[in-house]
Amino acid sequence: MTAPSKTFCILPWIHLYANPDGNVLPCCVGDWQKPMGNVQNKKLEDVFNNEKFKQMRTNMLKGKRCEECTACYRDEDAGNSSFRKHSNEQFEKYIDDAVLNTNDDGSMDDFRLRYLDVRWSNICNFKCRSCGGTYSSSWAKEDGKSNAYTFAGGDSNDDLYKQFEPHFDTIEEFYFAGGEPLLTDKHYEILQYLIDHGRTDVKLRYNTNMSVLKYKGKNILDLWKKFSNVVIGASLDHYGSKAEYIRHGTDWSLVESNLKLIRKETPHVELHTNTVVSIFNIKTLPEFVQYIIDNDLVSIENYNPNFYNIMNPDYYSFKMIPEEDKIDIIKSLEEFASKHKGNIEYGIQGVINGLRSSVYSPELKTKLQIKTKYYDHLRKENVEETFPEIQGWFK
């Protein structure tokens, strides 16, 4: 069955996303400023059928837009695909039942998770410029927050796990992100549960910074060998010194070595890249993608890069690119895309669409300069030395 309306998304029927602090969103791209509830103080089943979720389902069945779903609407309005469309395609077989078994008030009597994305911890060894303390304990610690590791363990984290564990037998896809998922205890507990219960045919999908393959005596490659469907989205925004600046904590030689080791030891694992496109890499994006290909860090036969046009922090977004510069950037991206048909061309086109739909906001420049200079000082970095091609945007 096709989606019953232009705003329908299957995820509120088969999925919940939970942040490290317990806040629930309709999915990972849902507006984090508009949580749907919290599973630290309410039971999972109660959140799934609370007033916000019931209203969301009702709106989607009627074709109304939901205020929590602006990310997908923004992508679609720019002419791109969206997580909503992708999810409907992936879980199309559940749309019929979702529509038929939804009560008039938007509630559901049969609560079965098919897709799980819970951020069990904010533990992370990186401080990416596109991130913050909620998702990185390293960043929170740098900012002097006393609760830098609040979500990293303890009773609340265990309680969260116990709420979701009964659903592990119906879930078809487990998505692990963070923090850094390969440094998260609950990630390994889930894999062991799946192994013990003979569910090694489920899909494991990752968003990882590729810095760690061994954790507390466990080798993730040994575990992945037991699963038939593993897909990695390596969080890479560039290579070399640019990578080390954008995602502070990166040792590029180590990351590159780990990617090659995965290809060698676990060839069945799909390796892709998840790239946050910002002012830092927009001018050299073709150079980065070509480097990934030329150095055999992925299999070109099935390489499917994901490009996310950054929205926050807004001072690193396309809003900071003067209109005259966009023309040259778009021309460069179009030339590169024309040489790489298929997934690469499709992904680059999404970046181009984002550039064309963005509006230059010079009032953000002061914030850009202050924030960048502040973290450059803390981390002993220099944006103009690392990115000479964009130094004019900081003056």
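The figures that follow rest on heavy atoms only: side chains count, while hydrogens, waters and symmetry mates do not.
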- Message: Side chains of Tyr308 and Ser130 only: does a donor on one sit below 3.5 Å from an acceptor on the other?
- Response: no
- Message: Applying ring-ring contact (aromatic ring centres under 6.0 Å, His included) as the test, list every pair that has at least one member in residues 328-365; sequence neighbours left out.
- Response: Phe336-His340
- Task: Sort out for me which residue in Val230, Ile171, Asn229 forms a side-chain contact (heavy atoms from CB on, under 4.5 Å) with Lys203.
- Result: Asn229
- Query: Heavy-atom distance under 4.5 Å between the side chains of Pro305 and His272, does that happen here?
  - Reply: no
- Message: By the definition salt bridge (Lys or Arg N to Asp or Glu O under 4.0 Å), identify the one residue from Glu270, Glu173, Glu172 that meets it with Arg205.
- Response: Glu173
- Message: For a side-chain hydrogen bond (donor to acceptor under 3.5 Å, both in side chains) check, start with the C-alpha distance between Thr284 and His238, then their side-chain angles and the critical distance, and finish with the verdict.
- Response: CA-CA 9 Å; Thr284 54; His238 225 296; 2.6 Å; yes
- Item | Salt bridge flag under 4.0 Å for residues Glu323 and Lys326 | yes
- Got a second to check how far Cys27's SG is from Leu16's CG, nearest 0.5 Å? 11.0 Å
- Query: Step by step, would you call Asp314 with Lys319 a salt bridge (charged side-chain N to carboxylate O under 4.0 Å, His left out)?
  - Reply: CA-CA 7 Å; Asp314 54 3; Lys319 293 179 180 180; 5.1 Å; no
- Message: Hydrogens and angles aside, do Asp109 and Asn103 bring a side-chain donor and acceptor to less than 3.5 Å of each other?
- Response: yes
- Query: Quick one: do the Asp325 and Trp393 side chains pair a donor with an acceptor below 3.5 Å?
  - Reply: yes
- Would you call Asp237-Arg247 a salt bridge at under 4.0 Å N-O? yes
- Query: Partners of Phe394 by ring-ring contact (aromatic ring centres under 6.0 Å, His included), sequence neighbours excluded?
  - Reply: none
- Item | Sequence neighbours excluded - ring-ring contact (aromatic ring centres under 6.0 Å, His included) pairs with any residue from residues 24-54 | Phe48-Phe111
- Message: What's the separation between atom CG in Asn281 and atom CD1 in Ile390, rounded to the nearest 0.5 Å?
- Response: 8.5 Å
- Task: Would you please indicate if the ring centroids of His187 and Tyr206 are separated by under 6.0 Å?
- Result: yes
- Message: If only side-chain N and O atoms count, and only distance matters, is there a donor-acceptor pair under 3.5 Å linking Tyr175 with Arg119?
- Response: no
- Polar side chain donor-acceptor pair, Asn295 to Tyr239, under 3.5 angstrom: no
- Message: Enumerate the side-chain hydrogen bond (donor to acceptor under 3.5 Å, both in side chains) contacts for residues 71-82, please, sequence neighbours excluded, ordered by first and then second residue.
- Response: Arg65-Asp77, Glu76-Ser82, Glu76-Arg84, Asn80-Asn353
- Message: My understanding is that only residues two or more places apart in sequence, or in another chain, count here; which of them pass side chain to side chain contact (heavy atoms under 4.5 Å, CB included) with Asp376?
- Response: Arg129, Tyr245, Thr372, Glu381, Val383
- Query: Just checking, any donor-acceptor pair under 3.5 angstrom between side chains of His167 and Glu165?
  - Reply: no
- Message: Can you tell whether the side chains of Glu256 and Lys260 come within less than 4.0 Å, N to carboxylate O?
- Response: yes
- Query: Can we say Asp46 and Lys43 salt-bridge, meaning some charged N sits less than 4.0 Å from an Asp/Glu carboxylate O?
  - Reply: no
- Judged by atom type as modelled, is there a donor-acceptor pair below 3.5 Å linking the side chain of Ser5 to the main-chain atoms of Phe8? yes
- Message: Just by distance, no angles: are the side chains of Glu180 and Thr208 close enough, under 3.5 Å, to form a donor-acceptor pair?
- Response: yes
- Indicate yes or no: does Glu68 engage Lys52 in a salt bridge with an N to O separation below 4.0 Å. no
- Mark yes when over 12 heavy atoms from residues, nucleotides or ligands other than Lys42 sit less than 6.0 Å from its NZ; otherwise mark no. no
- Item | Gln192 versus Asp196, side-chain donor and acceptor atoms under 3.5 Å | yes
- Message: Taking Arg112 first and then Asp110, would you say they form a salt bridge - that is, a charged N and a carboxylate O separated by under 4.0 Å?
- Response: yes
- Audit row: Lys283, Asp328, salt bridge (charged side-chain N to carboxylate O under 4.0 Å, His left out) steps and yes/no: CA-CA 9 Å; Lys283 277 195 172 185; Asp328 292 335; over 6 Å; no
- Charged tip of Lys186 within 45° of Tyr161 ring normal and under 6.0 Å: yes
- Asp201, CG atom: more than 12 neighbouring heavy atoms under 6.0 Å: yes
- Message: Could you tell me if Asn19 and Asn38 have a donor-acceptor pair between their side chains, going purely by distance under 3.5 Å?
- Response: no
- Task: Establish, from distance only, whether the side-chain atoms of Asn207 and Ser235 form a donor-acceptor pair under 3.5 Å.
- Result: yes
- Message: Quick test of your reading of the model: are Glu142 and Lys127 salt-bridged, counting only N-O distances below 4.0 Å?
- Response: yes
- List for me each residue that meets side chain to side chain contact (heavy atoms under 4.5 Å, CB included) alongside Ser357, sequence neighbours excluded, and say none if there are none. Ala78
- Evaluate the side-chain proximity of Ile329 to Leu355: yes if any heavy-atom separation is below 4.5 Å, no if none is. yes
